[in-house]
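Remarks on the structure that follows.
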Amino acid sequence: MKIFVVNNMVPFVRGGAEELSNHLIQQLRDHGHRVELIRVPFKYEPPEQIYSEMLACRMMQIEDADLVIALKFPAYLIPHPNKVLWLVHQYRQAYDMWEAGSSNIPSTPNGIELKRCITEADSDCFKNVRRMCAISPVIQQRLKRFNGLDSELLRTPLNAPEQFVEGEYGDYIFCGGRINQTKRQYLLVEAMRYTSSKCKLVIAGPADSSSDGDKLQELVQRYGLSDRVHLDVGFHPREKIASWASNALACAYLPIDEDSLGYVSMEANQAAKGVLTVTDSGGILDLVFHDETGWVCEPDPIALAAQLDRIHEKRSETIAMGKNAKKRWLAMGINWANTIERLVA
Amino acid sequence: MQILLATSTEQFHNREIELESLRDQLQALGASTDVLVLPFSMEDPHVLAQLASYRMLDVRHFADCMVSLSPPTHMLRHPNKVLTFSEDGPQMVDSWDRKYGAIETKPMQAIRNLIVHAEQVATEEAALGICFSHHVARRMQSVVNSVVIDATNLAFQLVGKKAKNPRLAGKVVA
Amino acid sequence: MKLAWYTPYSKYSAIGAFSREVIASLTELGHEVTIVRCEKPNSCVSKTEATHVAPLVHASSFDQDVQGYLARFDVVVYNVGNHYSNHYFSIEHQRQVPGITILHDYMLHHLLAEWCAEDESRNYLDVLLEEAGEEAIEAFHLASKHDIQKDWYMSKAAEYPVLRFAIASTLGVVTHADFYRESTRKLLHCPVTTIPLAYPHKTESKLDSPVRSKGKLTLLTIGDVNINKRCESIIEAIGSSPEIASRWRYRIAGKVTKTYGAHLMRLANQGAATVELDLLGAVDDNQLEAEMASANAISCLRFPIIEGASASVVSSLASGRPTLVSKGGCYDEIPETMAYRVPIDAELDSIRSHLNHISENYEVAVQQADKARAWIKNRHSGSHYADSFCAFLEASFDEFPLIALSDQIASSLSQWNWTSDSPVVNQLDGVINHLFRSTTSKSKAGI
């Protein structure tokens, strides 16, 4: 089958969606399909620019494709009679972020009109696709609420599951992923000062800004935790991340209201590690069940400290929790083979 | 220096190796690169709409320089736009003629005239044209300042450094 | 060029006769024309057929694959007049394959009414509101209180032309007269040109110049009779002056209903003097020729003036008979000295004055009519039409894909419920102008 994967791009900025589209293409090719990637530049400032970008996408044509898999706004507006939407992003600023008052679209008559136009174009596009899939229940709920549409849940699989293995269960808890305020690595560092055990923490990943990394470093220094908290800010190859996760005692991931299960937690489960998370972490709670596949507590340093101690002190319970997490994770069937099968069906 | 490499699906397969080689060389010279790929279909009657759609995208502030590797990405707007003209027919209108040359209807001729016009606009505004043969360069010289250069040395030209091998260095067509 | 030419083509169709003239000339110029009959299938007008001057097909024969069939042509030409059944496929097929529209009437209110009657989801007032605005709706309600035909369709509607519902997808329009060129361009945003109606006036040109008979002079009106033809005013004007009534008789050669005929006869006997009025009813070509031969002057009055051009006035001028025409509309294109103008606001006085003048200066009137005959024969010839039509096509060809592009984008915007004042519309317009239109091509297409 000749397939086009359609995504947009902000040049020189790479995020999860780029990673996803690259793996999707590789996996489709591995399944014998001929695949090309389309990357449409997207500039959402000033907001009025969005009009022309939407219309530009609508005016584009894809030739000679049996199937189009589209991921993001506004690239998914490119027309094709056999289009499957695997929705990573609507333009949230016109939806939930607008309601939350955190949109770049102003609350002026012009802004309200732009918001209406985005919603109209989205709804028209969605009703004309062959299949409508969303990567998370949160996205499904938004689609239902704002566009009145049902969709299938098709979660994103791990990109290199074979690298995440059940390793040695060392003496540290690993926290991977991007470092910023919404991922709340600082909360873990704060919690570490209240622990009574000798548990260790490894935080590793690229910081969104240098200040995000600096703040964390400063906290470690301030609380005198440098012997127990290892901070490795920066981009690390997947092998290194996999090694940290595979040999950890458990993993931790505390994002604010994440849409999806979170790559960090999925990788942890793949490596047979239980995950420590908090009650307002959103989609992570679809994977982490307290006392079964991990630990869920209030987003509070003292509550977190208690769980960190428990993870460290009840080692065999922690390991059992990790093994159980892996079992439940694999049973969910979230892998590329199933994903490709559903996308091209 | 950030360089945006732009290509379209129409001729993407022909240019993939060239693109990768250029990207590697630019990176080796210290430039950041990113690649945008836009869909394109030469099927009438959507050709003009697609040219207009490219034009509506704003890539001006994304990079210091934009290199159009295959038509019709030369329609994109950028103050420092570099066009590349391959040996076997650099322009969109050549592709059009290959596809529809045998069909001589008035409506087709009208679309062809409009493509020629759009190409002229897009080409004239470019900062530089890179040609891979003297033949093509001579043809393009009347519309854009063109140099003959091979793919290896295109990277040097773009980042403003001299090629290590002078034998391959760009030569301005008189 | 290969042209598909949609037209009604019954023996009695004036547009069919026009088409024959032009197609014959286009063929002489080396173009390949296929006549496509556009009447609604099984309608009474589709039962007869005029002489073929080119291969002919019925549009119904390829209704299932319009695009496929029409793809073989360089241009599709759609003749459109104010009658839905007669132009059924001209309307329906141009939605699928846009082409050039020859607009025979400057507004299409009757067509709209018929079109709405076809389908419950269509509404006359919705279209009127969309194309002509609130003011038109108010005017409609006011005019339709008493006699909707007389006060709206035959009068006020002319101030609020509607076209878009039928021919919005057109790539270019040919009008017969200047007076509706601008309103057409404004409604349709496409190249519009004016080419005088081509009309076969073979019969008329055979006629000798009129001779003053000893008795009364004969004033003639030709064509189906309705209030729009101002026969009542002619009768009133003659009847109001015993002197004029003693000099002129009035004959009407055209179909008239019993009721209206009786009304006219009553009117002829109500004035200061009795009007010698003959209602001939429908006449065949031979009778018509004889009537024109014996006429001393012809009345071609209209109000309101809804036609793009009047075949009657072309016939009349070509016959060499002094001709009375209304002031305004397509009649203003006739040079001042070649016809007798009747303004609607001084209609009776003006008719009286002209009839007096003609009868008192008959030789001069005939000389002037001879000049008008020479002028009209060239201006309204098939070859002149064909030449001008081809020139229009040549100048507009590069514009047609851009119009189609605008329509394609407009359709996307409308599918998204985006309004036409969206900022993207201006931006897109700028892009299209910059990429595709040079200054020279713009002035060339400034049609």
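Note: hydrogens, waters and symmetry copies are ignored here, and every other heavy atom, side chains too, is used. Just so it is clear: chains get the letters A, B, ... in the order the sequence lines come, proteins before strands, and each one is counted from 1.
- Residues P41(A) and F62(B) meet the side-chain proximity criterion, which asks for heavy atoms closer than 4.5 Å.
- At a 4.5 Å heavy-atom cutoff, the contact between F42(A) and chain B is made by backbone atoms alone.
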Exercise for the section: Please step through side chain to side chain contact (heavy atoms under 4.5 Å, CB included) for the pair Q61(A) and V47(B), ending with a clear verdict. Expected result: CA-CA 9 Å; Q61(A) 290 289 322; V47(B) 171; over 6 Å; no
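- Nearest heavy atoms, F12(A) versus A63(B): CE1-CB, 3.8 Å.
- Heavy-atom minimum distance, L4(B) versus M9(A): CD1-CE, 4.4 Å.
- Between chain B and the options A56(A), A75(A), P11(A), S52(A), heavy-atom pairs under 4.5 Å are most frequent for P11(A).
- When side chains are defined from C-beta on, V37(B) does not count as touching L37(A), because their heavy atoms never get closer than 4.5 Å.
- Looking at Q49(A), the atoms closer than 4.5 Å to chain B (heavy atoms on both sides) all sit in the side chain, from C-beta outward.
- In this structure, I38(A) CD1 and L36(B) CG are separated by 11.5 Å, a value rounded to the nearest 0.5 Å.
- Of the inter-residue distances, the one linking E43(B) atom CD with I62(A) atom CD1 reads 14.0 Å to the nearest 0.5 angstrom.
- For T9(B) against F4(A), the heavy-atom pair with the smallest separation is CG2-CE2, 3.4 Å.
- At a threshold of 4.5 Å between non-hydrogen side-chain atoms, the residues K43(A) and H61(B) count as touching.
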Exercise for the section: Evaluate side chain to side chain contact (heavy atoms under 4.5 Å, CB included) for M59(A) paired with H46(B), printing each intermediate quantity in order. Expected result: CA-CA 8 Å; M59(A) 288 159 66; H46(B) 300 292; over 6 Å; no
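- Shown here for M60(A) and L38(B), the closest heavy-atom pair between the two residues is CE-CD2, 4.0 Å.
- Between the side chains of S41(B) and E63(A), at least one donor-acceptor pair of N or O atoms lies under 3.5 Å.
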